[in-house]
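Each chain gets a letter, A, B and so on, in the order its sequence line appears, and its residues count up from 1.
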Amino acid sequence: MDNVEIARLLKETADLMEISGEDAFRIRSYRNAASAIEGLGESIEAITRDPQRQLTALPGIGKGIAGAIEEIVARGSFARRDEMLERYPPTALEMLRIQGLGPKSIRLLWEHFRVSTLEELERLCREQKIRELPRMGAKLEEKILRGIQLYRQSAGRFLLNFAAHAAEELCAALAAVEGVHRVTPAGSLRRGKETVGDLDLLVTGEGAEAALAAFVNHPRVHDVLGHGPNKASARYGMEGLQVDVRAVPEASFGAALQYFTGSKEHNVHLRQRAQRMGLLGCDQNGRHGAGRCHDYRVSVLYLPVRRSACARSRADSDNRRIDPDGRAGSACRRSALDVAGAVGTAGTDGGRATGNQHLGFSNLHG
DNA sequence: GGGCTGTACTG
DNA sequence: CAGTAC
DNA sequence: GCCC
DNA sequence: AGATG
DNA sequence: CATCT
């Protein structure tokens, strides 16, 4: 049993206990213990098995939680958790994740309506049933609706920070393969979006195909969705971030990078511009020679290329055209790996605070 | 036994 | 004030 | 629940 | 928000 | 309506 997994069970139980309205300080103790376990550089299970050692020696873990942990290691759960799971539906934990809904409200909703799915909850809001309950009104109904919406939007997305770490690890692994020339993240990660739906990596070099194999065999990669000579996709980590790795001919690298960095909308705009300029003659039967020009923004479309955030003393209107999402973000043309690497020197981004401060620590004050 | 972060917003 | 978020 |  | 003056 | 809870 993994430390992270044990911590997860503890936190999960704390959440349910909160819904059930138990003592707040006891609940906090569970959370403190969970957090202590997560940050421990040593296997809890190993300590459990070592007769020389005592779980209660660890800060935040006393007699009660030590017992719970032993039970977890022995059978994968513990009494209190089982009891809670029996009392509340699995969706209770999911509901806790939606903005504006807290433990008290969830409990009330459960007691009065036996709400067991988000769909049901949504329906109750629309039918204006929520306002029948004490302390709940029309405002809350709308707030919950918005919360559900937001929750659904963010489902399946990942924080840039997480994706950047995944990219860093995978790039390093693939670059180590013999004959690989370059491995480059594209997609929304490269655009510096604060959240990412999936990860796109481009590989060039004669070793590219071998790199695809290395990718699907990577220890943290599983659930291979497809694996051919040119492209492989699979899920990364327990979180299941989907990763697409594409092998591209060296000559097409520039165009491929441009294309796969997107966004989709941005590509559409570019193509329309190209068409308007009559530059897409070679693009009739769907087979457009993307490899023809390395960077058709500059060589064909006569758009300015912004080399760095600092080089843009010119009007935004110039930059806006090549900005992937039509917004003025300073990190948009810089790979997120670079951003991640710049964490240590964050806060000096041309004097403009980026929207991606999660990566820096400039907003952490004492 | 007695404490367990502190503050702001919303309704 | 109760509940929620940060 | 944990810690002092 | 709802209660209160 | 301002203020309290």
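Side-chain contact check for A:Thr13 and A:Arg80: no donor-acceptor pair (N or O, by modelled atom type) lies under 3.5 Å.
The residue A:Ile98 sits close only to the backbone: its heavy atoms come under 4.0 Å of sugar-phosphate atoms, none of a base. Among the protein residues, A:Gly137 comes within range of no part of the nucleic acid, since none of its heavy atoms lies under 4.0 Å from any strand. Counting any heavy atom pair closer than 4.0 Å across all strands shown, A:Ile61 reaches sugar-phosphate atoms only and no base atom. Within the 4.0 angstrom heavy-atom criterion, no nucleotide atom of any strand lies near A:Ile106. Within 4.0 Å (heavy atoms only), A:Ile27 reaches no atom of the nucleic acid at all.
Here the separation of B:dT5 from D:dC3, taken at their P atoms, is 14 Å to the nearest Å. Taking atom P in both C:dC1 and F:dC4, the straight-line distance is 12 Å, to the nearest Å. Comparing the P positions of E:dT4 and B:dA8 gives an interatomic distance of 28 Å, to the nearest angstrom. Taking atom C1' on both nucleotides, E:dA1 is separated from B:dC9 by 13 Å, rounded to a whole Å.
When the nucleotides B:dT10, C:dT4, D:dG1 are ranked by their closest atom to the side chain of A:Lys104, C:dT4 comes out on top. Ranking B:dT5, C:dT4, C:dA2 by closeness to the A:Arg28 side chain, first place goes to B:dT5. Taking every side-chain heavy atom of A:Lys139 into account, B:dG11 is the closest of D:dC2, B:dG11, C:dA2. Closest approach to the A:Pro103 side chain among C:dT4, B:dC4, B:dG11 is made by C:dT4 (side chain taken as heavy atoms from C-beta onward). Comparing B:dG11, B:dC4, C:dA5 by their nearest atom to the side chain of A:Gln99 picks out C:dA5.
Per the geometry, CZ belonging to A:Arg81 stands 19 Å off C1' belonging to D:dG1, to the nearest Å. Atom OH of A:Tyr151 is separated from atom P of C:dA5 by 14 Å (rounded to the nearest Å). Distance, A:Glu142 CD to C:dT4 C1': 18 Å, rounded to whole Å. One can place CG of A:Leu108 at 10 Å from P of C:dT4, the figure rounded to the nearest angstrom. One can place CE of A:Met136 at 11 Å from C1' of C:dT4, the figure rounded to the nearest angstrom. In this structure, the CG atom of A:Asn32 is 12 Å from the C1' atom of B:dT5, given to the nearest Å. Rounded to an integer number of Å, the gap from CZ of A:Arg31 to P of D:dC3 is 18 Å. Nucleotide B:dT10 holds its P atom 17 Å from the CD1 atom of A:Ile144, rounded to whole Å.
Between A:Arg182 and A:Glu250 a salt bridge is recorded (basic side-chain N to carboxylate O distance below 4.0 Å). Under a 4.0 Å N-O distance rule, the pair A:Arg49/A:Glu45 qualifies as a salt bridge.
Listed for the A:Ser35 side chain is no donor-acceptor partner under 3.5 Å among the backbone atoms of A:Arg31.
A pairwise comparison of heavy atoms in A:Leu10 and A:Ala33 identifies CD2-CB, 4.5 Å as the closest pair.
At least one cation-pi condition fails for A:Arg97 and A:Tyr151: the charged atom is not both under 6.0 angstrom from the six-membered ring centre and inside a 45 degree cone around its axis.
Put simply, A:Phe25 rests on the base of B:dC4: the two rings are less than 5.5 Å apart at their centres and nearly parallel, under 30°.
Applying the 4.0 Å criterion to OP1 and OP2 of B:dC4, one finds that A:Ser29 has every side-chain N and O outside that range.
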